[in-house]
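These numbers were taken from a predicted model, which means no experiment stands behind them.
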Amino acid sequence: RKVTLDALLLTPLLERGLTVRDRHEVLAIHREGDGYRVEVRDHHDRHRFLRARRVVLAAGTLNTLRLLRRSQRRGGLGALPGLGLGFSGNGDVFGLWRAGNPGEDFRAGPPCLGRFTLRDATASPMLYALGLNGLDALPGLPETLRRRVADWLVLVGMGEDDANGRVGWHGDTPSIAYEEAANPILGRIHAALGRLGQRSGRPLLRVRPTVTVHPLGGARVGDDPRHS
């Protein structure tokens with residue numbers, strides 16, 4: 001039986017005394033004595049401060065970086081020279097492949113249809129296959145286009161990149177520097193997609209420039225504040 005994440009993770013903790021404050025946007029974190037003062041915008045009605053001995057940042061990669069940057073600029077935190085270093089795109093590479101035959105509809109099954117490697121390729125990267133589920137929910141999409149993409153798959157290659165990207169700043173706005181040529185795994189995935197298209201004889205479109213849906217890094221945990 002499937003359950004939602006809130007029921008699985010939050011409900012047991014609520015029964016043990018956890019307090020969840022909805023519609024509270026964290027604006028900045030300030031070091032205060034042996035704890036922290038957290039500045040928040042309560043979207044119910046006011047601006048307020050919360051205090052805690054320990055703060056765990058779990059705002060996602062880019063929002064965590066932005067929050068640390070803003071906190072530093074407002075004087076709430078000390079120097080963070082390593083902030084923005086070690087950014088990674090998770091080695092993501094995307095492609096579109098017409099893998100099916102006319103009449104097949106990959107949207108009818110689960111979103112993820114499995115993963116595979118190329119059999120005779122040395123150290124072939126892992127490729128994940130996904131149907132174009134959810135297209136029917138897009139308003140205004142012509143019915144002919146819906147039918148034409150039914151037998152196409154989204155291919156996602158993922159691998160270990162070198163985490164050598166860097167996040168710079170324009171005020172509190174991040175600016176990401178990440179070079180495809182400096183991360184060989186991306187070239188290997190693009191090459192694997194190219195070989196798959198050639199061997200299958202089916203249309204395969206590779207997405208360029210490289211994009212990611214799994215931004216990672218930039219706020220690394222460590223013992224040396226110069227690098228973490």
Side-chain angles (χ1 to χ4, degrees), residues 4-6 9 23-29 38-41 55-74 76-77 79-97 111-115 117 124-135 138 153-193 205-228:
T4 58
L5 280 177
D6 53 354
L9 301 178
R23 301 187 66 190
H24 279 55
E25 177 188 358
V26 177
L27 302 177
I29 301 168
V38 182
E39 181 182 357
V40 302
R41 178 183 292 119
V55 174
V56 177
L57 291 180
T61 297
L62 296 180
N63 283 327
T64 293
L65 293 173
R66 184 182 290 112
L67 183 54
L68 288 170
R69 168 71 172 177
R70 184 187 300 137
S71 301
Q72 182 190 35
R73 294 185 70 206
R74 293 187 180 185
L77 299 176
L80 298 170
L83 186 64
L85 299 180
F87 180 83
S88 166
N90 193 55
D92 284 0
V93 175
F94 290 84
L96 287 170
W97 182 36
C112 184
L113 301 174
R115 59 183 184 175
T117 59
S124 169
M126 191 68 69
L127 302 175
Y128 294 78
L130 302 96
L132 287 165
N133 301 56
L135 278 184
L138 295 178
L153 290 174
V154 176
L155 296 180
V156 185
M158 287 182 277
E160 185 177 346
D161 67 8
D162 289 0
N164 50 17
R166 184 185 184 100
V167 180
W169 302 94
H170 301 291
D172 290 336
T173 302
S175 175
I176 300 171
Y178 181 86
E179 295 184 15
E180 181 174 321
N183 291 275
I185 183 62
L186 303 180
R188 287 173 48 209
I189 295 173
H190 276 294
L193 291 175
L205 309 175
R206 285 175 279 171
V207 177
R208 288 282 180 87
T210 298
V211 298
T212 181
V213 295
H214 302 111
L216 302 168
R220 300 174 295 184
V221 176
D223 297 327
D224 186 343
R226 294 172 299 176
H227 306 293
S228 59

Side chain proximity check, W169 to P174, heavy atoms < 4.5 angstrom: yes

Side-chain heavy atoms of I176 within contact of L62, under 4.5 Å: yes

Donor-acceptor pair between N90 and T212 side chains, under 3.5 angstrom: no

Nearest-0.5 Å distance that lies between atom CZ in R166 and atom CG in L83: 9.5 Å

R70 side-chain N/O to D172 backbone N/O, donor-acceptor pair under 3.5 Å: no

Shortest non-hydrogen contact from F94 toward V213: CZ-CG2, 3.8 Å

Pairwise distance CZ(R73) to CG(L80) - rounded to 0.5 angstrom: 13.5 Å

Between NE2 on residue H190 and CD1 on residue I185, distance to nearest 0.5 Å: 11.0 Å

Heavy-atom side-chain contact between L113 and L130 under 4.5 Å: no

Which atom of A129 lies closest to which atom of L153, heavy atoms considered: CB-CD1, 4.0 Å

Side chain to side chain contact (heavy atoms under 4.5 Å, CB included) between E39 and I29, worked out: CA-CA 6 Å; E39 181 182 357; I29 301 168; over 6 Å; no

T210 side chain to E180 backbone, donor-acceptor under 3.5 Å: no

Least distance between heavy atoms, G165 atom then Y178 atom: CA-CD1, 4.1 Å

Flag, side chain of R23 to backbone of R41, donor-acceptor distance under 3.5 Å: no

Between CG on residue D92 and CD1 on residue I189, distance to nearest 0.5 Å: 7.5 Å

Over 12 non-hydrogen atoms of neighbours within 6.0 angstrom of CZ in R74: yes

Polar side-chain atom of D162 near backbone of N183 as donor-acceptor pair, under 3.5 Å: no

Heavy-atom closest pair, residues T64 and A219: CG2-CB, 4.4 Å

Donor-acceptor contact below 3.5 Å, side chain D161 vs main chain G89: yes

Heavy-atom closest pair, residues A59 and N63: O-CB, 3.1 Å

Atom CZ of R206 with >12 non-hydrogen neighbours under 6.0 angstrom: yes

pair L193-L127: side-chain heavy atoms closer than 4.5 Å: yes

Pairwise distance CH2(W97) to CG(L205) - rounded to 0.5 angstrom: 13.0 Å

